[in-house]
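What follows is a set of notes on a single structure, which appears directly below.
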Amino acid sequence: MPWELVIWLISVLLFLALLSQWYWQPRAPFWLRTVKSSPLRWYLIGYPLTVCRIHLTWRQLCLNTDLAVIRRTRYTAVNRDVMVRGIPIRPIPPRLGLVRPTRTGFTVRVHLHPGQTPAQFIACADAFTHAWRIHSIRIVSTKRGEVVMIATVRDPLGDPESAWRKFPAPRLLAAPVGRIADGSAWVMDLRAVPHWLVTGATQSGKSTLVAALVTGLGTQPVAILGIDLKGGMELGLFEKRLSALATTRAQAISLLRKVLDDLLRRMEICRADGVRSIWELDTGERPVPMVIVVDEIAELYLSGGDPAARKEAAECSTLLLRIAQIGAALGVHLVIAAQRFGSDLGPGATALRAQLGGRICHRVHDEATAEMTLGDLSPDAVTVAQAITEQEKGVAVTTIGGQWTRARSMLVTPDQARQHSAANAHHAPALGELNG
């Protein structure tokens, strides 16, 4: 039997199986029903169909979105005194590169025409998603004259009931907290980005993310300090794992003063050894890394009309700012959670925000909140953050490798938090032992 006939028969069988999937899939064994969610289904069926759809629609798509260009008009001399000006009737689209599959979609490189910019392609992102029937697409420019389209065929964050895989932490102070839009691990690395700002409305997922972070760091030899002025309702679940927990503003001031004193001792150790950070010290001499988690920063800053409260708020602001400025090289890191964070909180808030290089924005109620969190990254990130719905709890927009992406934190239930805290209580050093 010739190979052409074999290939033709296999193609017909696959086509018939696809058409009758509604009938045989409910009756198939469990292992066969899972083929629908298997990556092999995408590689064997979805990817070839998507490639065909891209190439069949590319020219018309570029024409409808004004991405195709017309070459410079030419003049044809009929005689010495007459010239005919010709206009091309076939616009030329940008050259499309090879469509490369990924686990959740594909990437394709597009070569721009002279005069075109990546902003023109970013503005047409919705047209690409509808024409190619995909979930979302990101367009970035990594090289002059080219853009890279990173497409996601289905939303890996859309199923809240899916089992989250346990991703191993790559190194100290790096905690896996969920999954990003391409299906890989969402890792918050405090050594790469020392300080983080987490914003979002009530019940948007801030506390879930903080719980996932504390859970990820809880198994490491790291001191975790909590400031929760809502009576310790959120961070109190991890009290056995925390080295200290402040539930009032006075306790927060006392705790931050101790941290600042410990920072000064760490500076003396580094200066005596002639190094610029604790990571250059020998392991035996290195102080214990410290992470300060502040749940709802507004409770520290807002003071009302009470002069004593205003004085305490100003002191909290000063202490946090000093810790943020000098703490990164000394192994002290901040994670600030807030519904809003800007100049309206009081003096020093904007200066502290400038020190928080890691940004995470959950669902928000107003554009200003998303703008103050992600505005210095990209206008597109602000738009995407505003598009997060109430049903997408735990979904956020964050920074990964200098680019923004959607991500979803894994759910840590209160029972899991208490069990984790009790099981890892031996990793919590006392506050007085942090100077090593």
Check your understanding: Taking everything shown except Lys311 itself, do over 12 heavy atoms lie less than 6.0 Å from its NZ?
Key -> no
Check your understanding: Does some side-chain heavy atom of Thr247 sit less than 4.5 Å from a side-chain heavy atom of Leu235?
Key -> no
Practice item. For His130 and Asp126, test the side chains for any donor-to-acceptor distance below 3.5 angstrom and give the result as yes or no. Key: no
Review point. Between His135 and Thr152, is there a donor-acceptor pair closer than 3.5 Å when you use the side chain of the first and the backbone of the second?
Key: no
Point to revise | Main-chain N/O of Thr117 paired with Gln120 side-chain donor or acceptor, under 3.5 Å | key: yes
Point to revise | Step-by-step side-chain contact (heavy atoms from CB on, under 4.5 Å) determination, Ile278 to Arg266 | key: CA-CA 8 Å; Ile278 66 169; Arg266 296 182 183 215; 4.3 Å; yes
Review point. How far apart are the C-alpha atoms of Gln339 and Thr369, what are their side-chain angles, what is the distance that settles it, and do they pass the side-chain hydrogen bond (donor to acceptor under 3.5 Å, both in side chains) test?
Key: CA-CA 8 Å; Gln339 294 186 29; Thr369 303; over 6 Å; no
Practice item. Step by step, work out the side-chain contact (heavy atoms from CB on, under 4.5 Å) result for Asp189 and Arg171. Key: CA-CA 8 Å; Asp189 191 344; Arg171 61 173 180 174; 3.0 Å; yes
Exercise for review: State, yes or no, whether a side-chain contact exists between Leu112 and Pro118 at a heavy-atom distance under 4.5 Å.
Suggested key: yes
Point to revise | N/O donor-acceptor pair under 3.5 Å between His333 side chain and Val291 backbone | key: no
Exercise for review: Working to the nearest 0.5 Å, report the span between CG of Leu245 and CZ of Arg241.
Suggested key: 13.5 Å
Check your understanding: Any sub-3.5 Å donor-acceptor pair from Thr208's side-chain atoms to Leu411's backbone N or O?
Key -> no
Check your understanding: Is there a side-chain contact between His362 and Leu209, using heavy atoms and a 4.5 Å cut-off?
Key -> yes
Review point. Looking at Asp415 and Arg418, does any basic side-chain N land under 4.0 Å from a carboxylate oxygen?
Key: yes
Practice item. Look at atom CD of Glu280 and say whether more than 12 heavy atoms of other residues, nucleotides or ligands are closer to it than 6.0 Å. Key: yes
Check your understanding: Around atom CD of Glu239, are there more than 12 heavy atoms of other residues, nucleotides or ligands at under 6.0 Å?
Key -> no
Review point. Could you state the interatomic distance from CD1 (Ile227) to OG1 (Thr248), rounded to the nearest 0.5 Å?
Key: 10.0 Å
Review point. Is the NZ or CZ atom of Arg359 positioned over Trp404's six-membered ring, under 6.0 angstrom from the centre and within 45° of the axis?
Key: no
Review point. Can you check whether Val210 reaches Glu234 side chain to side chain, under 4.5 Å on heavy atoms?
Key: no
**Study point:** Nearest non-hydrogen partners of Ile297 and Ala338, listed with the distance
**Key:** CG2-CB, 3.3 Å
Review point. How far apart are the closest heavy atoms of Ala131 and Arg53, and which atoms are they?
Key: O-CD, 3.5 Å
Practice item. Give, for atom CZ of Arg265 and atom CE of Met267, the distance between the pair rounded to the nearest 0.5 Å. Key: 13.0 Å
**Study point:** Any donor-acceptor N/O pair, Tyr47 side chain to Val99 backbone, under 3.5 Å
**Key:** yes
Review point. Judged by modelled atom types alone, do Glu146 and Thr142 share a side-chain donor-acceptor pair under 3.5 Å?
Key: no
Revision key, fill the gap. Value for SG (Cys124) from CG (Leu61), rounded to nearest 0.5 Å, stands at 8.0 Å
Check your understanding: If you look at every heavy atom in Lys206 and Ala201, which pair is closest and at what distance?
Key -> NZ-O, 3.4 Å
Point to revise | Donor-acceptor contact present, side-chain Glu390 to main-chain Arg363, <3.5 Å | key: no
Check your understanding: With distance as the sole criterion, is a donor-acceptor pair present between the side chains of Thr199 and Thr373 under 3.5 Å?
Key -> yes
Exercise for review: Determine, step by step, whether Leu217 and Leu190 satisfy the side-chain contact (heavy atoms from CB on, under 4.5 Å) criterion, reporting the C-alpha distance in whole Å, the side-chain angles of both residues, the deciding distance to 0.1 Å, and the verdict.
Suggested key: CA-CA 10 Å; Leu217 295 175; Leu190 298 182; 4.1 Å; yes
Check your understanding: Taking all atoms of both residues into account, what is the closest heavy-atom pair of Cys316 and Ile253, and its distance?
Key -> SG-CG1, 3.5 Å
Study note, to complete from the structure: So OG1 of Thr129 and CD1 of Ile137: to nearest 0.5 Å the spacing works out to 7.5 Å
Check your understanding: Would a distance-only check, ignoring hydrogens and angles, find a side-chain to backbone donor-acceptor pair under 3.5 Å from His113 to Pro93?
Key -> yes
Exercise for review: For atom CD of Glu367, decide whether the heavy atoms of other residues, nucleotides or ligands shown that lie under 6.0 angstrom number more than 12.
Suggested key: no
Check your understanding: Counting only N and O atoms by type, is there a donor-acceptor contact under 3.5 Å from the side chain of Gln355 to the main-chain atoms of His195?
Key -> no
Check your understanding: Hey, mind stepping through His420 and Leu237 against side-chain contact (heavy atoms from CB on, under 4.5 Å) and telling me if it holds?
Key -> CA-CA 9 Å; His420 168 85; Leu237 298 174; over 6 Å; no
Check your understanding: Do Leu330 and Cys270 touch side chain to side chain, with heavy atoms closer than 4.5 Å?
Key -> yes
Review point. Roughly how far, to the nearest 0.5 Å, is the CD1 atom of Ile292 from the CG atom of Leu255?
Key: 6.5 Å
Check your understanding: Any side-chain heavy-atom pair from Val110 and Met149 closer than 4.5 angstrom?
Key -> yes
Exercise for review: Measure from the side-chain N and O atoms of Arg138 to the backbone N and O of Val148, and report whether any donor-acceptor pair falls under 3.5 Å.
Suggested key: no
Check your understanding: Do Phe128 and Ile139 come within less than 4.5 Å of each other through their side chains, counting heavy atoms only?
Key -> yes
Study note, to complete from the structure: In short, Ile388 meets Glu392 closest at the heavy-atom pair CA-OE1, 3.5 Å
Check your understanding: Nearest heavy-atom pair of Tyr301 and Ala313: which atoms, and what distance?
Key -> O-CB, 3.3 Å
Check your understanding: What do you reckon, is CZ of Arg100 surrounded by more than 12 foreign heavy atoms closer than 6.0 Å?
Key -> no
Point to revise | Heavy atoms of other groups near Arg95 CZ, more than 12 under 6.0 Å | key: no
Point to revise | Any donor-acceptor N/O pair, Lys240 side chain to Ala425 backbone, under 3.5 Å | key: no
Practice item. Kindly indicate whether the side chain of Leu320, heavy atoms from C-beta on, has any atom under 4.5 Å from the side chain of Leu300. Key: yes
